[in-house]
Novice: 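Just passing along the structure, written as structure tokens.
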Amino acid sequence: MEDADLKAEGYNPLCGDRYTIFLRMNGDVIEEASFQGAGCAISKASASVMTSALKGVSREQAEELFNQFHSLVKGELHSNMNIDSLGRIVVFAGVSEFPARVKCASLAWHTMHAALEKQQQLISTE
């Protein structure tokens, strides 16, 4: 995305996933989100679903989605979590059964979080 307001780069050295996350903001709302890069099927699917889920949400809502996603893939769902509110990201619940793949699924999300925090260093899942 050429006119991104925020961007961050992430890398998973374990399997070589590497993504750049781009966010275009309209005030406090994510107007557009996209990614560029390559990686395993889980990381690519996660980045794709994430960018779709972020469009039109506030920075605060994006951070809440980040926290919910992280809990989901780590198998830490809480009884007070409304799983229906997670939308399509709920398909990643099964990742918790494969701990080595949690980093694959969460790379794009950690990178998005870094973009929102305006972190400039390369984000690594290690």
Novice: Could you tell me whether the side chain of K74 reaches within less than 4.5 Å of the side chain of S96, counting heavy atoms only?
Specialist: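 No. Closest side-chain heavy atoms not under 4.5 Å.
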
Novice: Please answer whether the main-chain N or O of V102 pairs with a side-chain N or O of S106 as donor and acceptor at a distance below 3.5 Å.
Specialist: yes

Novice: Assess whether atom CD of E117 is packed by more than 12 heavy atoms of other residues, nucleotides or ligands within 6.0 Å.
Specialist: yes

Novice: Heavy atoms, side chains only, cut-off 4.5 Å: are I89 and L65 in contact?
Specialist: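 Yes, side chains in contact.
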
Novice: Calculate, to the nearest 0.5 Å, the distance between atoms CD and CG belonging to Q61 and L54 respectively.
Specialist: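 Interatomic distance, Q61 CD to L54 CG, rounded to 0.5 Å: 10.0 Å.
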
Novice: Is L14 reachable from I42 through a run of I, L, V, M, F, W or Y residues, each pair having side-chain heavy atoms under 4.5 Å apart?
Specialist: no

Novice: Judged by atom type as modelled, is there a donor-acceptor pair below 3.5 Å linking the side chain of R59 to the main-chain atoms of L116?
Specialist: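 Flag set: sc R59 to bb L116 pair under 3.5 Å.
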
Novice: Begin from the C-alpha positions of R18 and L122 and carry the test side chain to side chain contact (heavy atoms under 4.5 Å, CB included) through to its verdict.
Specialist: CA-CA 10 Å; R18 186 178 292 271; L122 179 69; 4.1 Å; yes

Novice: Looking at G39, is its backbone amide N or carbonyl O close enough to the side chain of Y19 to form a donor-acceptor pair, meaning the two atoms are under 3.5 Å apart?
Specialist: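 Here the side-chain-to-backbone pair exists.
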
Novice: Between E97 (side chain only) and G94 (backbone N and O only), is there a donor and an acceptor less than 3.5 Å apart?
Specialist: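 Pair absent, no side-chain N/O of E97 close to backbone of G94.
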
Novice: Is any side-chain heavy atom of F66 closer than 4.5 Å to one of M112?
Specialist: yes

Novice: Taking the side chain from T51 and the backbone from A47, do they hold a donor-acceptor pair closer than 3.5 Å?
Specialist: yes

Novice: Name the residue from K103, H70, Q119 that meets the side-chain hydrogen bond (donor to acceptor under 3.5 Å, both in side chains) definition with H110.
Specialist: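 Result for side-chain hydrogen bond (donor to acceptor under 3.5 Å, both in side chains) with H110: H70.
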
Novice: Can you confirm whether K7 sits close enough to I21 that some side-chain heavy atom of one is under 4.5 Å from a side-chain heavy atom of the other?
Specialist: no

Novice: Say whether V73 and F98 are linked into one hydrophobic cluster, either directly or through other cluster members, by side-chain heavy-atom distances under 4.5 angstrom.
Specialist: no

Novice: Hey, would you say the F35 and F22 ring centroids sit under 6.0 Å apart?
Specialist: no

Novice: For the residue pair Q68 / S71, report whether a side-chain donor-acceptor contact shorter than 3.5 Å exists.
Specialist: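 Note: S71 and Q68 side chains miss the donor-acceptor criterion.
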
Novice: If I compare all heavy atoms of L107 with all of G10, which pair ends up nearest, and what's the gap?
Specialist: CD1-C, 3.8 Å

Novice: If you look at every heavy atom in L72 and V90, which pair is closest and at what distance?
Specialist: CD2-CA, 3.9 Å

Novice: Output the distance between atom CE (M50) and atom CZ (R88), rounded to the nearest 0.5 Å.
Specialist: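 Rounded to the nearest 0.5 Å, the CE-CZ separation comes to 12.5 Å.
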
Novice: Just how far is it from atom CD of E9 to atom CD1 of I123, taken to the nearest 0.5 Å?
Specialist: 9.5 Å

Novice: Before you tell me yes or no, could you show the steps for D5 and R24 under salt bridge (charged side-chain N to carboxylate O under 4.0 Å, His left out), namely the whole-Å CA-CA distance, both residues' side-chain angles and the distance that decides it to 0.1 Å?
Specialist: CA-CA 5 Å; D5 298 304; R24 184 171 54 235; 6.0 Å; no

Novice: How many angstroms lie between atom OG of S34 and atom CD of E2, to the nearest 0.5 angstrom?
Specialist: 10.5 Å

Novice: Between M1 and V29, is there a shared hydrophobic cluster once you connect ILVMFWY residues whose side-chain heavy atoms come closer than 4.5 Å?
Specialist: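 No, because M1 and V29 fall into different hydrophobic clusters, even though each may have its own neighbours under 4.5 Å.
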
Novice: Considering all heavy atoms of both residues, which atom of I30 and which atom of A62 are nearest to each other, and what is their separation?
Specialist: CD1-CB, 3.8 Å

Novice: Looking at Q121, I'd like to know if its CD atom is crowded, meaning that more than 12 non-hydrogen atoms belonging to other residues, nucleotides or ligands lie closer than 6.0 Å.
Specialist: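 Yes, enclosed.
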
Novice: Treating D17 as the side-chain partner and P13 as the backbone partner, does any N or O pair qualify as donor plus acceptor under 3.5 Å?
Specialist: no

Novice: Could you check whether the rings of W109 and F69 sit parallel, tilted or perpendicular, using 30° and 60° as the cut-offs?
Specialist: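 Plane angle under 30°, so parallel.
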
Novice: Within the side chain of S46, is there an N or O that forms a donor-acceptor pair under 3.5 Å with the backbone of A105?
Specialist: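 Judged by distance alone, yes, a pair lies under 3.5 Å.
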
Novice: Less than 4.0 Å between a side-chain N and a carboxylate O, is that true for K55 and E32?
Specialist: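 Counted as a salt bridge, because a side-chain N and a carboxylate O are separated by less than 4.0 Å.
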
